[in-house]
Amino acid sequence: MRRPFQGNTTLNIVLLLYLIGFFAPSLVSSITVRTPAELHASKGDRVTLSCTFTSTSTPTSKMTVDWSYRPQSGGPPQTFFHFSSRAFPRLDGQFAGRIHWQGSPARGDASISLINSTLNDNGTYTCSVRNPPDVHGSPTSHTVLTVTPRAPSIRFSDVAVLLAFVLIPSAIITIFLTGRMLCPKKQRNQSKAYRSPIEVTEGEEYAIHPLEDKEKRTSCCALYLMDSEDEDEYYNLKKRPPVDEDYAESQC
């Protein structure tokens, strides 16, 4: 009678151990770490390497975060940042002075930032979180960072701003004023050249006669002082339209 009872007890113990072995890993392997698969940045940018985690246990002082880097050219990963109650960035190497802690363990955040990114920072970044007793599951996650040269952009220096807002407007105003000074003279010359013969202003009606009178006086009084060239010029003047002879003789 006792043997069947002992057999049932043994079976129950086996089943209990099987259930414990099946569900026990799920109780301690509940930590999960997530990072973006890829990140893209330009040279000189500040890059946020995002890392979040979920855990069934509340983060304590025993929680640790490690960031490692593997170059794009290959090679073993190298740990460059460690967090345990406080941040411990490396003081030497490629990332010295360029890593800032931005995480908040209470909110499940283990992110860092990389300032002044360079082309040498291309590679794979791994975030690893440990939060005992959750030490199993998926405690690590990877991000591939690609840094490209910055596209050229136009930047106005102080000299360019001075040229754009001071010298250029001044040059335009100078050219405009110079044009205003030159254009009226040209217009007056054109108005004289195309003036109608009917338009005669006061004082211009007899303007040609004093000139002819002067030429007549010169030809009369200085006749004896002329040389041969002057005499030729004098006779050429004689071919002009006749003027009043009485008026010319009176001048002699």
*Check step by step if side chain to side chain contact (heavy atoms under 4.5 Å, CB included) holds for Ile31 and Thr54.*
CA-CA 5 Å; Ile31 187 169; Thr54 56; over 6 Å; no
*In sequence, state the C-alpha distance, the side-chain angles, and the governing distance for Ser55 and Asp134, and then conclude on side chain to side chain donor-acceptor pair (under 3.5 Å).*
CA-CA 7 Å; Ser55 176; Asp134 294 341; 2.5 Å; yes
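Atom CG of Leu91 has 12 or fewer heavy atoms from other residues, nucleotides or ligands within 6.0 Å.
Remark: side-chain polar atoms of Thr140 are not paired, donor with acceptor, to backbone N or O of Cys127 under 3.5 angstrom. At distances below 3.5 Å, at least one donor-acceptor pair connects side-chain atoms of Asn122 with backbone N or O atoms of Val147. For the pair Arg107 (side chain) and Gly103 (backbone), a donor-acceptor distance under 3.5 Å is absent. At distances below 3.5 Å, not a single donor-acceptor pair connects side-chain atoms of Arg130 with backbone N or O atoms of Val65.
Side-chain atoms of Phe83 and Pro105, non-hydrogen and from C-beta on, do get closer than 4.5 Å to each other. Ser57 is listed as a side-chain neighbour of Pro133, based on a closest heavy-atom distance under 4.5 Å. Side chains of Ile112 and Gln102 form no contact here, defined as non-hydrogen atoms less than 4.5 Å apart. Contact of the Ile172 side chain with the Thr174 side chain is not registered, since no non-hydrogen atoms from C-beta on lie closer than 4.5 Å. Contact of the Cys51 side chain with the Val33 side chain is registered, since non-hydrogen atoms from C-beta on lie closer than 4.5 Å. Side chains of Val129 and Thr64 form no contact here, defined as non-hydrogen atoms less than 4.5 Å apart. For the pair Phe81 and Trp101, the minimum side-chain heavy-atom distance is below 4.5 Å. Taking 4.5 Å as the limit, every side-chain heavy atom of Leu145 sits out of range of all side-chain heavy atoms of His40.
Between the side chains of His142 and Thr126, at least one donor-acceptor pair of N or O atoms lies under 3.5 Å. For the 3.5 Å distance criterion, the side chains of Thr118 and Asn120 fail to qualify, holding no donor opposite an acceptor. In this model, no donor atom of one side chain and acceptor atom of the other lie less than 3.5 Å apart for Asp109 and Thr52. No side-chain N or O of Arg70 forms a donor-acceptor pair with one of Ser68 less than 3.5 Å apart.
Linking ILVMFWY residues whenever their side-chain heavy atoms come closer than 4.5 Å, directly or via other members, leaves Val47 and Val144 in distinct clusters.
The shortest non-hydrogen separation linking Arg46 to Ser113 is NH2-OG, 3.2 Å.
Under the side-chain contact (heavy atoms from CB on, under 4.5 Å) test applied with Leu114, the options Tyr69, Trp67, Phe95, Phe80 reduce to a single match, Phe95.
One finds no salt bridge joining Lys43 and Asp45 here, because no Lys/Arg side-chain nitrogen approaches an Asp/Glu carboxylate oxygen to under 4.0 Å.
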